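Quick notes on the structure that follows.
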Amino acid sequence: MTSMAANMTALTAPDFDLESTLGCGQVFHWVREGAGWLGAVGDAALFLEQRDGQVFVSAGGEKIAARYLALDHPLAEICATFPDDPAMAEAARFCRGMRIVRQPAWECVATFITSSMKQVAHIAQISHTLRRRFGARLEWNGRELFAYPTPKALAQLSEADLRACALGFRAKNLLGAARMIAEGAVDLAKVAQLDDAAARAALCRLPGVGEKVANCALLFGFERVRAFPIDVWIERVLRELYFKRKRKLTTQRLREFSAEYFGPYGGYAQQYLFHHARKTWPRGRGKG
DNA sequence: CTCCAGGTTCCGG
DNA sequence: CCGGAACATGGA
(Lines give C-alpha, C1' and ligand atoms only; values in the text may rest on other atoms or scores of the structure.)
Protein backbone atom coordinates (compact mmCIF):
# COMPACT_ATOMS: atom_id res chain seq x y z
CA MET A 1 0.00 0.00 0.00
CA THR A 2 1.31 3.47 -0.75
CA SER A 3 0.94 6.28 1.69
CA MET A 4 -0.94 8.34 -0.89
CA ALA A 5 -3.81 5.89 -0.58
CA ALA A 6 -4.31 7.11 2.94
CA ASN A 7 -5.22 10.63 1.87
CA MET A 8 -2.20 12.65 2.87
CA THR A 9 -1.48 16.34 2.61
CA ALA A 10 1.88 18.06 2.40
CA LEU A 11 3.16 20.50 5.02
CA THR A 12 5.46 23.42 4.48
CA ALA A 13 8.53 22.12 6.23
CA PRO A 14 11.86 23.54 5.10
CA ASP A 15 14.96 22.64 7.06
CA PHE A 16 13.27 19.76 8.80
CA ASP A 17 14.23 16.15 9.48
CA LEU A 18 11.46 13.84 10.64
CA GLU A 19 13.68 10.85 11.36
CA SER A 20 15.88 12.52 13.95
CA THR A 21 13.03 14.60 15.37
CA LEU A 22 11.01 11.52 16.27
CA GLY A 23 13.98 9.26 16.94
CA CYS A 24 16.28 11.40 19.08
CA GLY A 25 14.87 10.36 22.43
CA GLN A 26 12.68 13.35 23.22
CA VAL A 27 9.51 11.34 22.60
CA PHE A 28 9.12 7.58 22.79
CA HIS A 29 5.86 6.26 21.40
CA TRP A 30 6.14 6.80 17.63
CA VAL A 31 6.37 3.56 15.66
CA ARG A 32 7.54 3.04 12.11
CA GLU A 33 4.68 2.30 9.77
CA GLY A 34 5.52 1.69 6.14
CA ALA A 35 7.77 4.53 5.02
CA GLY A 36 6.58 6.80 7.82
CA TRP A 37 5.65 7.00 11.48
CA LEU A 38 2.40 6.39 13.33
CA GLY A 39 1.67 7.98 16.68
CA ALA A 40 -0.64 10.12 18.76
CA VAL A 41 -0.50 13.77 19.70
CA GLY A 42 -2.79 13.90 22.71
CA ASP A 43 -5.85 12.04 21.46
CA ALA A 44 -5.24 12.72 17.78
CA ALA A 45 -3.88 9.83 15.72
CA LEU A 46 -1.30 10.99 13.20
CA PHE A 47 0.65 9.39 10.39
CA LEU A 48 3.74 11.27 9.25
CA GLU A 49 6.05 10.64 6.33
CA GLN A 50 8.91 12.58 4.79
CA ARG A 51 9.98 12.09 1.19
CA ASP A 52 11.40 14.24 -1.56
CA GLY A 53 12.00 17.03 0.93
CA GLN A 54 8.35 17.22 1.90
CA VAL A 55 6.48 16.14 5.01
CA PHE A 56 3.12 14.50 4.55
CA VAL A 57 0.51 14.14 7.26
CA SER A 58 -2.72 12.19 7.38
CA ALA A 59 -5.57 14.45 6.32
CA GLY A 60 -7.07 16.50 9.12
CA GLY A 61 -3.89 16.55 11.17
CA GLU A 62 -2.16 19.45 9.42
CA LYS A 63 -2.45 22.04 12.16
CA ILE A 64 -1.73 19.62 14.96
CA ALA A 65 1.32 18.25 13.16
CA ALA A 66 2.74 21.64 12.24
CA ARG A 67 2.49 22.80 15.84
CA TYR A 68 3.72 19.53 17.36
CA LEU A 69 6.72 19.35 15.05
CA ALA A 70 7.55 23.00 15.77
CA LEU A 71 7.84 23.80 12.08
CA ASP A 72 7.64 27.47 13.05
CA HIS A 73 10.89 27.36 15.07
CA PRO A 74 13.50 29.50 13.27
CA LEU A 75 16.09 26.77 13.07
CA ALA A 76 18.80 28.77 11.32
CA GLU A 77 18.55 31.51 13.93
CA ILE A 78 18.53 28.94 16.70
CA CYS A 79 21.70 27.24 15.47
CA ALA A 80 23.34 30.64 15.07
CA THR A 81 23.03 31.18 18.83
CA PHE A 82 25.01 28.02 19.65
CA PRO A 83 28.46 28.50 21.13
CA ASP A 84 31.22 28.49 18.53
CA ASP A 85 33.19 25.35 19.30
CA PRO A 86 34.07 22.20 17.32
CA ALA A 87 31.96 19.78 19.36
CA MET A 88 28.85 21.90 19.06
CA ALA A 89 29.44 22.44 15.35
CA GLU A 90 29.76 18.73 14.70
CA ALA A 91 26.59 17.94 16.66
CA ALA A 92 24.68 20.66 14.81
CA ARG A 93 25.81 19.26 11.48
CA PHE A 94 24.84 15.76 12.52
CA CYS A 95 21.38 16.88 13.69
CA ARG A 96 20.47 19.19 10.84
CA GLY A 97 16.70 19.65 10.65
CA MET A 98 15.99 18.15 14.05
CA ARG A 99 13.43 20.05 16.09
CA ILE A 100 12.31 20.11 19.72
CA VAL A 101 8.66 19.06 19.52
CA ARG A 102 5.79 20.47 21.55
CA GLN A 103 4.47 17.54 23.55
CA PRO A 104 1.27 17.63 25.58
CA ALA A 105 2.45 18.56 29.08
CA TRP A 106 1.06 15.68 31.11
CA GLU A 107 2.24 12.84 28.91
CA CYS A 108 5.63 14.48 28.74
CA VAL A 109 5.97 14.81 32.52
CA ALA A 110 4.60 11.33 33.09
CA THR A 111 6.81 9.69 30.49
CA PHE A 112 9.95 11.22 31.96
CA ILE A 113 8.90 10.16 35.45
CA THR A 114 9.03 6.62 34.09
CA SER A 115 12.37 7.26 32.37
CA SER A 116 14.74 7.33 35.33
CA MET A 117 17.42 4.62 35.17
CA LYS A 118 15.83 3.14 32.05
CA GLN A 119 17.13 2.72 28.54
CA VAL A 120 15.28 4.51 25.76
CA ALA A 121 13.87 1.21 24.48
CA HIS A 122 12.44 0.45 27.92
CA ILE A 123 10.87 3.87 28.22
CA ALA A 124 9.10 3.30 24.92
CA GLN A 125 7.95 -0.11 26.04
CA ILE A 126 6.52 1.28 29.27
CA SER A 127 4.75 4.07 27.38
CA HIS A 128 3.10 1.59 25.03
CA THR A 129 2.00 -0.70 27.85
CA LEU A 130 0.45 2.17 29.79
CA ARG A 131 -1.28 3.48 26.68
CA ARG A 132 -2.65 0.09 25.66
CA ARG A 133 -3.95 -0.75 29.12
CA PHE A 134 -5.22 2.58 30.37
CA GLY A 135 -5.41 5.01 27.44
CA ALA A 136 -8.15 5.89 24.97
CA ARG A 137 -8.22 3.74 21.86
CA LEU A 138 -7.50 5.57 18.61
CA GLU A 139 -7.38 4.47 15.02
CA TRP A 140 -5.72 5.43 11.79
CA ASN A 141 -6.33 3.71 8.50
CA GLY A 142 -7.31 0.47 10.20
CA ARG A 143 -4.36 0.61 12.61
CA GLU A 144 -5.01 0.71 16.33
CA LEU A 145 -3.11 3.01 18.66
CA PHE A 146 -3.67 4.59 22.05
CA ALA A 147 -3.55 7.98 23.71
CA TYR A 148 -1.48 8.40 26.86
CA PRO A 149 -3.68 7.71 29.91
CA THR A 150 -5.03 10.82 31.64
CA PRO A 151 -4.01 11.72 35.21
CA LYS A 152 -7.53 10.77 36.27
CA ALA A 153 -7.31 7.36 34.64
CA LEU A 154 -4.00 6.60 36.36
CA ALA A 155 -5.04 8.13 39.69
CA GLN A 156 -7.71 5.51 40.28
CA LEU A 157 -5.31 2.60 39.78
CA SER A 158 -3.29 0.84 42.46
CA GLU A 159 0.48 0.79 42.68
CA ALA A 160 0.29 -2.92 41.85
CA ASP A 161 -1.53 -2.14 38.60
CA LEU A 162 1.37 0.05 37.55
CA ARG A 163 4.07 -2.30 38.77
CA ALA A 164 2.46 -4.86 36.50
CA CYS A 165 3.52 -2.58 33.62
CA ALA A 166 7.19 -3.14 34.54
CA LEU A 167 7.55 0.27 36.14
CA GLY A 168 9.40 -1.01 39.16
CA PHE A 169 10.00 1.67 41.79
CA ARG A 170 8.70 4.29 39.33
CA ALA A 171 5.15 3.00 39.86
CA LYS A 172 4.76 4.83 43.15
CA ASN A 173 6.04 8.06 41.59
CA LEU A 174 3.80 7.96 38.54
CA LEU A 175 0.78 7.14 40.68
CA GLY A 176 1.60 9.91 43.16
CA ALA A 177 2.06 12.44 40.37
CA ALA A 178 -1.17 11.42 38.64
CA ARG A 179 -3.06 11.77 41.91
CA MET A 180 -1.61 15.19 42.73
CA ILE A 181 -2.65 16.44 39.32
CA ALA A 182 -6.05 14.76 39.38
CA GLU A 183 -6.70 16.36 42.79
CA GLY A 184 -5.50 19.75 41.60
CA ALA A 185 -2.54 19.93 43.99
CA VAL A 186 -0.47 20.73 40.90
CA ASP A 187 -2.06 22.42 37.90
CA LEU A 188 -0.02 22.01 34.73
CA ALA A 189 -1.96 24.76 32.97
CA LYS A 190 -0.87 27.13 35.69
CA VAL A 191 2.68 25.83 35.60
CA ALA A 192 2.74 26.84 31.94
CA GLN A 193 2.17 30.45 32.98
CA LEU A 194 5.16 30.58 35.33
CA ASP A 195 8.69 31.63 34.49
CA ASP A 196 11.27 28.87 34.03
CA ALA A 197 12.53 28.78 37.61
CA ALA A 198 9.08 28.82 39.18
CA ALA A 199 7.78 26.25 36.72
CA ARG A 200 10.74 23.99 37.50
CA ALA A 201 10.09 24.31 41.22
CA ALA A 202 6.40 23.52 40.74
CA LEU A 203 7.18 20.40 38.71
CA CYS A 204 9.68 19.25 41.33
CA ARG A 205 6.82 18.98 43.82
CA LEU A 206 5.69 15.89 41.92
CA PRO A 207 7.13 12.61 43.19
CA GLY A 208 9.85 11.26 40.93
CA VAL A 209 10.50 14.69 39.44
CA GLY A 210 13.90 16.14 40.24
CA GLU A 211 16.09 18.62 38.39
CA LYS A 212 16.64 16.46 35.33
CA VAL A 213 13.10 15.22 34.76
CA ALA A 214 11.75 18.72 35.40
CA ASN A 215 14.08 20.12 32.76
CA CYS A 216 13.01 17.47 30.25
CA ALA A 217 9.39 18.34 30.93
CA LEU A 218 10.11 22.06 30.57
CA LEU A 219 12.00 21.55 27.33
CA PHE A 220 9.75 19.03 25.60
CA GLY A 221 6.37 19.81 27.18
CA PHE A 222 6.40 23.48 28.10
CA GLU A 223 8.28 25.13 25.22
CA ARG A 224 11.16 26.19 27.49
CA VAL A 225 13.90 25.93 24.90
CA ARG A 226 16.54 27.14 27.32
CA ALA A 227 16.07 24.24 29.76
CA PHE A 228 19.16 22.01 29.78
CA PRO A 229 18.57 18.52 31.21
CA ILE A 230 21.76 16.88 32.47
CA ASP A 231 21.61 13.10 32.28
CA VAL A 232 24.38 10.51 32.23
CA TRP A 233 25.02 11.04 28.52
CA ILE A 234 25.21 14.81 28.67
CA GLU A 235 27.38 14.64 31.74
CA ARG A 236 29.78 12.43 29.81
CA VAL A 237 29.70 14.86 26.88
CA LEU A 238 30.37 17.89 29.05
CA ARG A 239 33.19 16.21 30.95
CA GLU A 240 34.79 14.86 27.80
CA LEU A 241 34.41 17.88 25.55
CA TYR A 242 34.45 20.86 27.88
CA PHE A 243 36.24 19.72 31.03
CA LYS A 244 38.68 17.23 29.57
CA ARG A 245 41.14 16.82 32.40
CA LYS A 246 39.21 18.35 35.26
CA ARG A 247 39.30 16.02 38.22
CA LYS A 248 36.71 17.41 40.58
CA LEU A 249 33.55 18.61 38.88
CA THR A 250 30.36 18.90 40.88
CA THR A 251 26.89 18.63 39.39
CA GLN A 252 26.33 22.18 40.60
CA ARG A 253 29.27 23.41 38.54
CA LEU A 254 27.99 21.55 35.46
CA ARG A 255 24.59 23.18 35.83
CA GLU A 256 26.07 26.64 36.10
CA PHE A 257 28.32 26.11 33.10
CA SER A 258 25.61 24.70 30.81
CA ALA A 259 23.02 27.29 31.79
CA GLU A 260 25.48 30.03 30.86
CA TYR A 261 27.52 28.60 28.01
CA PHE A 262 24.83 27.25 25.68
CA GLY A 263 22.69 30.35 25.61
CA PRO A 264 19.00 31.08 25.00
CA TYR A 265 18.43 27.86 23.02
CA GLY A 266 20.38 25.67 25.41
CA GLY A 267 17.72 22.97 25.18
CA TYR A 268 18.30 22.65 21.46
CA ALA A 269 22.05 22.53 21.99
CA GLN A 270 21.56 19.89 24.65
CA GLN A 271 19.39 17.67 22.48
CA TYR A 272 21.81 17.96 19.56
CA LEU A 273 24.76 17.01 21.75
CA PHE A 274 22.74 14.19 23.31
CA HIS A 275 21.60 12.69 20.02
CA HIS A 276 25.00 12.98 18.38
CA ALA A 277 26.77 11.38 21.32
CA ARG A 278 24.26 8.59 21.66
CA LYS A 279 24.47 7.72 17.97
CA THR A 280 28.21 8.00 17.50
CA TRP A 281 29.90 7.30 20.82
CA PRO A 282 30.62 3.77 21.94
CA ARG A 283 28.60 2.72 24.95
CA GLY A 284 30.20 3.61 28.23
CA ARG A 285 32.81 6.04 26.85
CA GLY A 286 34.15 8.53 29.34
CA LYS A 287 33.08 6.56 32.34
CA GLY A 288 36.51 5.69 33.57
C1' DC B 1 26.73 -13.75 35.36
C1' DT B 2 27.80 -8.79 35.65
C1' DC B 3 26.97 -4.23 34.26
C1' DC B 4 24.22 -0.34 33.35
C1' DA B 5 20.30 2.43 31.84
C1' DG B 6 17.86 10.22 29.59
C1' DG B 7 17.43 9.75 38.35
C1' DT B 8 15.26 10.76 42.74
C1' DT B 9 15.36 10.70 47.50
C1' DC B 10 17.21 10.26 51.87
C1' DC B 11 21.09 10.39 54.98
C1' DG B 12 25.48 11.37 57.18
C1' DG B 13 29.80 14.46 56.65
C1' DC C 1 26.65 21.44 49.21
C1' DC C 2 28.76 16.74 48.43
C1' DG C 3 29.24 11.68 48.06
C1' DG C 4 26.81 7.08 48.85
C1' DA C 5 23.18 3.88 48.85
C1' DA C 6 18.69 2.07 47.89
C1' DC C 7 15.36 1.57 44.53
C1' DA C 8 13.23 -2.55 40.00
C1' DT C 9 13.70 -4.37 35.56
C1' DG C 10 15.59 -6.06 31.34
C1' DG C 11 18.90 -5.91 27.51
C1' DA C 12 23.80 -6.18 26.20
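A, B, ... follow the sequence lines: proteins, then strands. Residue 1 opens every chain. Keep in mind it's a predicted model, so treat the numbers as computed, not measured.
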side-chain N/O S116(A) vs dT8(B) OP1/OP2, d < 4.0 Å
no
Does the side chain of R133(A) come under 3.5 Å of the side chain of T129(A) through a donor N or O and an acceptor N or O?
no
For the base of dG6(B) and the side-chain ring of F274(A), does the geometry meet a stacking cutoff of under 5.5 Å between centres and under 30° between planes?
yes
Given atom CD of E235(A) and atom C1' of dG6(B), what is their separation to the nearest angstrom?
12 Å
Ring-plane angle category for W30(A) and Y68(A), please: parallel below 30°, perpendicular beyond 60°, tilted otherwise.
tilted
Please give the remaining members of the hydrophobic cluster of F146(A), linking ILVMFWY side chains under 4.5 Å, ordered by chain and number.
none
Within the 4.5 Å heavy-atom criterion, are Q54(A) and L11(A) side-chain neighbours or not?
no
Using the test ring-ring contact (aromatic ring centres under 6.0 Å, His included), find all partners of H275(A) that sit at least two apart in sequence or belong to another chain.
F94(A)
Using a distance-only test with no angle check, is there a side-chain donor-acceptor pair under 3.5 angstrom linking D43(A) and Y148(A)?
no
Extract from the structure each pairing of a protein N or O with an N or O of nucleotides 9-12 of chain C at less than 3.5 Å, listing the distance.
unit_1: dT9(C); atom_1: O2; unit_2: K118(A); atom_2: NZ; d: 2.9

For Q271(A), which contact category applies under a 4.0 Å heavy-atom criterion: base, sugar-phosphate, or nothing?
base
Starting at CG of L175(A) and ending at C1' of dC7(C), how long is that distance when rounded to a whole Å?
17 Å
Which part of the nucleic acid, if any, lies within contact of G208(A), taking any heavy atom under 4.0 Å across all strands shown: a base, the sugar-phosphate backbone alone, or nothing?
sugar-phosphate
K212(A) NZ to dA5(B) C1', in whole Å, measures 11 Å
Protein-nucleotide distance (R255(A), atom CZ; dT8(B), atom C1'), rounded to Å
12 Å
Between P of dA5(B) and CZ of F112(A), the distance in whole Å
16 Å
